[in-house]
Number of protein chains: 2
Amino acid sequence: MIEDEKLEIRPKAPRAVRTLTDLANIAGVSAGTVSRALAGNSLVNTKTRDRIQALAREYGFQPNQMASKLRRQKTGVIGVIIPLGHDRRQQISDSFFMTLLGHLADELTEKGYDLMLRRVVPERDEDWLDRFIGSGMIDGVIVIGQSNQFERIEEVADGYLPMVVWGNHQEGQRHCVVGADNRLGGRLATERLIAAGATRIAFLGDTAPFEFAARFAGAQDVASRLGASLRAVSTHLSPEQTRKEIAGFLSRHHTEIDGIFAASDSIAFAAMQELRRLRIAVPDAIKLVGFDDLPIASQTIPPLTTIHQDIMAGAQGLVELLLRRLKGEATESLVLPPRLVVRGTA
Amino acid sequence: MIEDEKLEIRPKAPRAVRTLTDLANIAGVSAGTVSRALAGNSLVNTKTRDRIQALAREYGFQPNQMASKLRRQKTGVIGVIIPLGHDRRQQISDSFFMTLLGHLADELTEKGYDLMLRRVVPERDEDWLDRFIGSGMIDGVIVIGQSNQFERIEEVADGYLPMVVWGNHQEGQRHCVVGADNRLGGRLATERLIAAGATRIAFLGDTAPFEFAARFAGAQDVASRLGASLRAVSTHLSPEQTRKEIAGFLSRHHTEIDGIFAASDSIAFAAMQELRRLRIAVPDAIKLVGFDDLPIASQTIPPLTTIHQDIMAGAQGLVELLLRRLKGEATESLVLPPRLVVRGTA
DNA sequence: AATCATTTTGCAATCGTTTGCAAACAAGCG
DNA sequence: CGCTTGTTTGCAAACGATTGCAAAATGATT
């Protein structure tokens with residue numbers, strides 16, 4: 001009889017027990033005790049702790065996070081911010097970043113943190129990074145991609161420790177970064193192109209972002225050393241735009257080249273498609289190497305030769321370094337080795 | 001001279017002015033007034049408002065969000081939660097969900113909300129949804145994908161208004177959902193296969209998730225009506241696993257079919273690759289239709305015939321409905337029309 | 001039974017904003 | 001000049017959890 005009543009009281013009722021005090025009243029103790037009990041604090045008697053925890057479960061009580069965070073001055077939330085280029089669509093569909101984000105979510109969850117995602121267009125908002133950090137909503141921040149904001153990030157890094165960035169490592173930089181050795185990757189790609197017989201190479205992709213610039217620099221290292229010619233064909237912004245630029249370049253200049261180093265797999269795919277439209281044989285007439293090794297890279301025809309980046313290791317590195325920085329440690333950057341994957345296009 | 005000093009005071013100092021009261025002291029007013037001034041409240045004199053806002057900018061002051069949220073009892077944060085199947089990797093790299101997420105981030109940002117991302121494995125955590133909602137950190141929640149949690153979501157929907165789900169619409173369901181008409185999509189795909197000459201069709205994909213089940217149901221509608229045979233080849237979980245299962249099925253049974261309806265483009269890609277390995281001509285020997293119309297679908301060889309879903313419209317719909325629900329409106333579900341895109345595989 | 005050491009508990013201050021209410025002030029009018 | 005309207009401001013009470021400190025309860029020991 002009593003139990004029946006109990007069962008009927010709970011459902012639908014507008015959550016009668018919403019605060020520590022509510023639960024404390026029910027349990028016949030003080031709010032402080034409830035707080036300690038739920039925190040598993042050893043200061044509270046084992047028996048009352050269990051009783052209170054049971055009660056909390058029964059009434060579906062969860063302490064208000066906002067109040068908790070305010071009081072403890074930490075949020076348990078890590079911010080992940082993606083700076084976009086001028087065109088906001090630039091990286092939205094970039095599967096590389098999106099995959100990285102997925103792994104980050106998993107890693108952070110595992111460590112007990114929540115993830116707050118923000119995408120910003122730095123050009124439109126000077127203070128994009130400071131604002132996120134100063135918002136008081138996050139304990140630390142992971143920046144995905146340096147875009148063209150290297151300087152801004154450096155400035156912030158001087159005064160703000162818990163920040164880790166995915167991107168390229170520059171000699172002597174002050175912010176902690178995790179990323180592949182893009183320059184080495186560029187070298188590997190170009191060496192492969194030349195080994196496959198290419199001598200007149202085009203680099204396809206926007207050279208403004210640091211990651212891409214480093215890939216191009218690596219290509220330059222090798223090209224000049226091995227006596228191949230190299231030209232940069234800078235593409236811009238949105239995928240459609242990029243595709244048009246690639247199409248334009250290829251239709252006009254394809255006879256002048258016999259190798260393409262694409263700054264990313266996405267760009268490589270676009271190039272492949274255009275080459276097919278122009279009935280230019282890959283790899284016979286033009287060799288092609290990409291960068292990233294997205295899952296689909298192995299599924300194109302011919303499968304794409306590319307530079308592999310270990311995304312999961314990257315995500316793990318980002319999180320681990322950030323957690324150490326949250327503890328006050330100053331950490332080194334982490335540079336991951338890229339790996340050439342030879343498939344069918346070069 | 002004075003200005004020089006001003007410049008030197010600010011940098012590096014551990015943010016001397018961190019609270020409303022700090023700023024209030026500087027401005028010579030009370031904290032309440034500063035609060036109102038920064039909120040652009042009309043109750044405060046225009047002149048003092050401007051003065052305070054200038055001061056705030058000068059000192060880089062940002063009110064503490066945690067305190068603000070606690071006091072106002074709303075967070076300005078929308079939770080986005082992705083329930084994963086048994087295998088956590090299942091959907092992580094699913095570019096469809098990831099792209100949807102990107103668009104959601106944009107839409108929410110535009111409306112002034114922040115986005116908190118959480119990925120969960122419902123099997124491991126019974127209360128995944130309640131816990132997120134009850135955490136007090138979010139004003140509303142968007143669930144991406146029903147996975148196999150339809151019932152759980154229904155239950156929650158009864159007591160919690162500000163929730164919108166991406167997924168499939170079932171007759172008479174109680175939670176508000178946005179998604180393509182999967183059944184119709186399944187019909188379109190199958191009709192196309194049959195029109196292209198297929199009579200013995202295999203459906204490739206896990207039929208447990210509601211979206212996929214509906215696609216299969218659509219296929220059944222058409223197959224039985226038009227006299228084609230249809231068998232479901234249920235794949236499971238992780239991409240590698242899926243690939244193996246597909247390979248196994250095709251190598252053993254490819255002679256028994258002449259058409260494949262893949263539950264998603266990703267699955268279609270895997271099938272294509274396997275068919276190529278087996279030297280089975282597409283679409284000559286076997287016709288193939290996918291679902292989603294991912295960007296790469298147009299770039300395979302031959303380009304993939306598939307069912308197009310408008311992801312951006314989906315994201316906009318989710319956000320718009322959620323905002324209306326936050327205002328207390330009860331909203332209808334939104335079913336988006338899928339569209340057959342005929343390319344080279346059927 | 002009294003004293004002391006040790007757990008457990010309650011009290012009350014605190015985190016930093018927001019906001020209802022009332023006080024202070026200015027302005028308009030007879 | 002006094003009185004009635006408006007504007008602007010300040011005061012102080014929330015919001016709900018955490019935690020140092022002291023009080024109370026318990027147990028151990030003589």
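Letters A, B, ... are given to chains in the order of the sequence lines, protein chains preceding strands, and every chain is numbered from 1.
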Worksheet item: Taking atom P of dT18(C) as reference, at what distance in whole Å does atom NZ of K74(B) sit?
Response: 12 Å
Discussion item. Closer than 3.5 angstrom, by distance alone: can the side chain of Q316(B) be matched with the main-chain N or O of E107(B) as a donor-acceptor pair?
Written reply: no
Item to complete: Sorted by first residue and then second, give each salt bridge (Lys or Arg N to Asp or Glu O under 4.0 Å) pair with at least one member in residues 313-325 of chain B; sequence neighbours left out.
Response: E320(B)-R324(B), R324(B)-E329(B)
Fill in: E151(A): salt bridge (Lys or Arg N to Asp or Glu O under 4.0 Å) partners, not counting sequence neighbours
none
Item to complete: Any pair with a residue in residues 127-146 of chain A that passes side-chain hydrogen bond (donor to acceptor under 3.5 Å, both in side chains), sequence neighbours left out, goes on the list, sorted by first then second residue, please.
Response: T75(A)-D139(A), D125(A)-R131(A), W128(A)-Q149(A), D130(A)-R152(A), Q146(A)-H175(A)
Item to complete: Can you sort out the partners of R49(A) under side chain to side chain donor-acceptor pair (under 3.5 Å), two or more places apart, ordered by chain and number?
Response: none
Discussion item. Suppose we screen for ring pair (Phe, Tyr, Trp, His ring centres under 6.0 Å). Which residues come up paired with H169(A), at least two apart in sequence or across chains?
Written reply: none
Discussion item. Once pairs are restricted to Watson-Crick or G-U wobble with both distances under 3.5 Å, how does DNA chain C read as a dot-bracket string, [ ] for crossings and | for other-strand pairs?
Written reply: ||||||||||||||||||||||||||||||
Pick out the pairs of N or O atoms, protein on one side and nucleotides 11-15 of chain D on the other, that lie under 3.5 Å.
unit_1: dA14(D); atom_1: N3; unit_2: R71(B); atom_2: NH1; d: 3.1

Worksheet, complete the sentence: Separation of dT14(C) atom P from L20(A) atom CG, nearest Å, is 19 Å
Item to complete: Can you sort out the partners of D50(B) under salt bridge (Lys or Arg N to Asp or Glu O under 4.0 Å), two or more places apart, ordered by chain and number?
Response: none
Discussion item. Within the 4.5 Å heavy-atom criterion, are V319(B) and E110(B) side-chain neighbours or not?
Written reply: no
Discussion item. Rounding to an integer number of Å, can you tell me how far Q65(A) CD sits from dT18(D) C1'?
Written reply: 13 Å
Practice prompt. Check the distance between dT6(C)'s C1' and N45(A)'s CG and give it to me in whole angstrom.
Written response: 13 Å
Discussion item. What is the separation between atom CE on M66(A) and atom C1' on dG16(D), rounded to the nearest whole Å?
Written reply: 11 Å
Discussion item. Within the 4.0 Å heavy-atom criterion, would you say V34(A) contacts the bases, only the backbone, or no part of the nucleic acid?
Written reply: nothing
Practice prompt. Using a cut-off of strictly less than 4.0 Å, decide whether T21(A) has a side-chain nitrogen or oxygen near OP1 or OP2 of dG16(D).
Written response: no
Response to the item:
With the side chain defined as heavy atoms from C-beta on, S35(B) is closest, among dA17(D), dT18(C), dT8(D), to dT18(C)
Discussion item. Can you list everything that forms a salt bridge (Lys or Arg N to Asp or Glu O under 4.0 Å) with R174(B)? Sequence neighbours excluded, please.
Written reply: E154(B), D158(B)
Fill in: Rounded distance in Å - CZ (R49(B)) to P (dT7(D))
15 Å
Response to the item:
Rounded to whole Å, CG of L43(A) lies from C1' of dG10(C) at a distance of 13 Å
Worksheet item: To the nearest angstrom, how far is N25(A) atom CG from dG16(D) atom P?
Response: 14 Å
